Structures are given as C-alpha cells and as structure tokens.
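The structure under discussion appears below in the form of structure tokens.
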Amino acid sequence: MKFKTRIKNKAYAVFFYQTNLGEFVGLIYNYLKYKSYIFNPSKLNVTEKENLEHYLIKQYHIIEKGLSLPDVRLGFGRDKIIALLDASFLYMSKYGNSKLMSAISSTLKEYVEFNDINNHIIDSELKKRIKEFFIATTNDVDGGTKVINKEKLLLDRDSLKCGLITTRHSVRVFSGPITDVNKIKSAVTLGKRAPSVCNRQGWKVHYYNDDKIIQKILSLQNGTTGFTDQINDLIIVTADSKAFTSYEQSQQYIDGGLFSMNLMLALHSESIGVCPLNACFPFVVENKIKKVSNIPDNEKIVMFLALGEMKDDFKVAVSVRKETNEILRIHE
Ligand SMILES: Cc1cc2nc3c(=O)[nH]c(=O)nc-3n(C[C@H](O)[C@H](O)[C@H](O)COP(=O)(O)O)c2cc1C
C-alpha cells in the first residue's frame, strides 16, 4: 500500500473510531441523507411516486383513525380531506388508479355515509370534490373501519392459523382501566423474549395508571386527539443509553422497537387492547415528559402504548397493508 494511502486510512481510523467529532460528523451525514429522502407535505412532487404515496397513506389514515374514535366528530377533518383529495388527483394525473386510491375511496365512502346517517350536511364544495373522486376511482379495497367482536377475536387469536399476529389491531376505545396489574407483569415476562443487540436487553418499561400523570404525559405526547379520555393505563418503553456504545444510536430504537412489538403481542395475548403511540417530538418535550413521568436522563423514550380492557364490540381502523411483492424483493 502506498505511503499516502496508509496515512489516509490511519487518519480515517483515528477520526471515525477514536474521536467524538468523527461520530458527530456521522450523525450529520445520516441526518442530511435522511432529509434528502423524506417527503414535504407542502412541496409534493408528482414525479416522486413513493414520497407521494406515503404522504397519501399518512393523510387518509387520519380519516380512518378519526372514524374509529369513540366519539366521532361530525364533519371532522375538512381541510385534511381537501389536502388528501388534492394530492390524490395529483397522483392519479400521472399514475392513474391503484389499490391506494381504492382504499382512500372506501374510507371517504364511510366518511360520507357516517355524516349522512347522522344528518350532518357536508359543505357543497367538499361534497363536489369527493363525488369527483368517487367517479374517478373504485372502492374494492377495504378502508375506513371494521367492527370487531371480542369473542370471535379471541377465538381467532387462539387458532393456529391466525394466531396473535393477524388479530392484533391498534385499539383506541376501551371498556375501562386494566383490572389486574399481573397481566402487565405477565406480558413483560413474555415480551422480554425479544432479541436484542448482544442480548443486552437495554429496554425499560414504565407503567402508569394514575390518571393525572397520564393526562399530563399525553398532553405533551400529542398523538391521542379524540381518545385521550379513554386512556387509563399507559406504558412508556425506553432504551437505557448506558446499554449502548459508539455507532449504536439507532440500535436503541431497533431493540426498543422489537421489544415493543413483542410486548404489544404479549399484551394482546392477555386480552388487553393496545394502541402504539409515537415519540416524535423535540428533546425539550422529551425532557418535560421524562420529568413528569419520573424517567431518568439516561433513558431514551422509544414509544408509548395506550392500554385498556377490550369492549365486547368495537371499531378499529382497517389500515390495509401493501402487497407482499411491494415489500419483498427476492434476490436470486
Ligand atoms: C411507532 C408507532 C407510533 C404510532 N403513533 C400513533 C399515535 O401517536 N396515535 C395513534 O392514534 N396511532 C399511532 N400509531 C398506530 C398506527 O396508526 C397503526 O399501528 C397502523 O395504522 C397499523 O394499524 P394496526 O396497528 O391496527 O395494525 C402508531 C404506530 C406505531 C408503530
């Protein structure tokens, strides 16, 4: 190896593995890369198909979710629907109809029917736009909400074919607080079977059932509009930064996310309804939440889980999934 190349490699090794600055530069690099791929709702571009599709999924799910809330507000989400329709027409102008358009159409169909049944008159401009969209699309893909029967769900859950995974849904309406804290303990015992980097198990579970604390936390978390009052039990999953080392920042979320998924399934197996909640806020909000919820500074909040006992019958958002071939690429 040439002298010049050897010096260059050595300098790289020192900078990236032995200085904090090296890791900091890596963080900025990853951040800029991330920023270069994400979508911007105020600058939607018809040529960026995947960005546009993900924006559309985000936007129509707001309506689906709204329809599954315990107290659906008549005529809710007008501006959001207008934005959804604008983007949908933009999408169709280049890509035509698709499964996604059909799911949006089904969701809007339920929205219109819900308002009609409850004698709420949707304003004429919105109605006209929705009608145009219905004419341009089909609604053969499910969207909106579906009704769940707890007895049937639990039966399906136990059957080998469906198992736990296909019967889990995000639940945003509960019959009441969790009746037995042992269910939480059993679920954590099952959940901790999740894999983790070097089996370090850097996760922590904080469980709350004090209404005042929960309401304070949720007012900061900001993702439970329309069902905050349903939530009497809350879990915060964190990753203990002390369990990780250089270049493992994202491992906190990977391990924390895998664990959270296992925990959600375990809670479901205890017949507890669960809705995962995001932790997408600036560090100042995170610090406030940590203070209210008594979480030490060395723990990073990964996500929240709203919990409750299941009602006998309840609605959940359909949240239709992509086709397997859109996700799986077999490299032969
Ligand atoms: C990390 C994460 C954060 C989420 N945040 C919220 C949230 O803040 N509010 C909410 O109502 N749903 C939230 N959800 C629920 C998603 O909307 C839901 O998981 C998705 O639509 C799939 O539906 P399913 O869970 O019923 O299968 C979140 C889900 C995940 C995985």
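When a ligand or atom number is given, it counts from 1 through the structure's own listing order. What you see is a predicted model, and the numbers here were worked out from it, not measured in a lab.
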Listed partners of S105 passing side chain to side chain donor-acceptor pair (under 3.5 Å), at least two apart: T137
Between [X] and [Y], is there a side-chain N and carboxylate O pair less than 4.0 Å apart?
| X | Y | result |
| --- | --- | --- |
| R200 | E248 | yes |
| D86 | R129 | yes |
| K99 | E323 | yes |

Distance under 4.0 Å to a non-hydrogen atom of [X]: what atoms of ligand 1 satisfy this?
| X | value |
| --- | --- |
| L277 | 3 (C), 4 (C), 5 (N), 6 (C), 7 (C), 8 (O), 9 (N) |
| M303 | 1 (C) |
| K65 | 9 (N), 10 (C), 11 (O) |

Looking only at protein heavy atoms, which one is nearest to [atom], and what is the separation?
| atom | value |
| --- | --- |
| atom 19 (O) of ligand 1 | S170 OG, 3.3 Å |
| atom 3 (C) of ligand 1 | N278 N, 3.4 Å |
| atom 13 (C) of ligand 1 | P276 O, 3.0 Å |

Mode of R321 contact toward ligand 1 - side chain, backbone, both, neither (heavy atoms, under 4.0 Å): side chain
For ligand 1, which part of S319 has a heavy atom less than 4.0 Å away: the side chain, the backbone, both, or neither? side chain
Any nitrogen or oxygen of C275, main chain or side chain, under 3.5 Å from a nitrogen or oxygen of ligand 1? no
Polar contact flag for G223 and ligand 1 (N/O pairs, less than 3.5 Å): yes
Counting only heavy atoms not in I28, do more than 12 sit closer than 6.0 Å to its CD1 atom? yes
Quick check against the 3.5 Å criterion: does Q221 have a side-chain atom that pairs as donor or acceptor with the backbone of A279? no
Quick check with a 6.0 Å cut-off and a 45 degree axis cone: is K150 positioned over the face of F314's six-membered ring? no
Is ligand 1 less than 4.0 angstrom away from at least one heavy atom of [X]?
| X | answer |
| --- | --- |
| M264 | no |
| V316 | no |
| F227 | yes |

Within the 3.5 Å criterion, strictly below it, is a donor on T145 or E64 matched to an acceptor on the partner's side chain? no
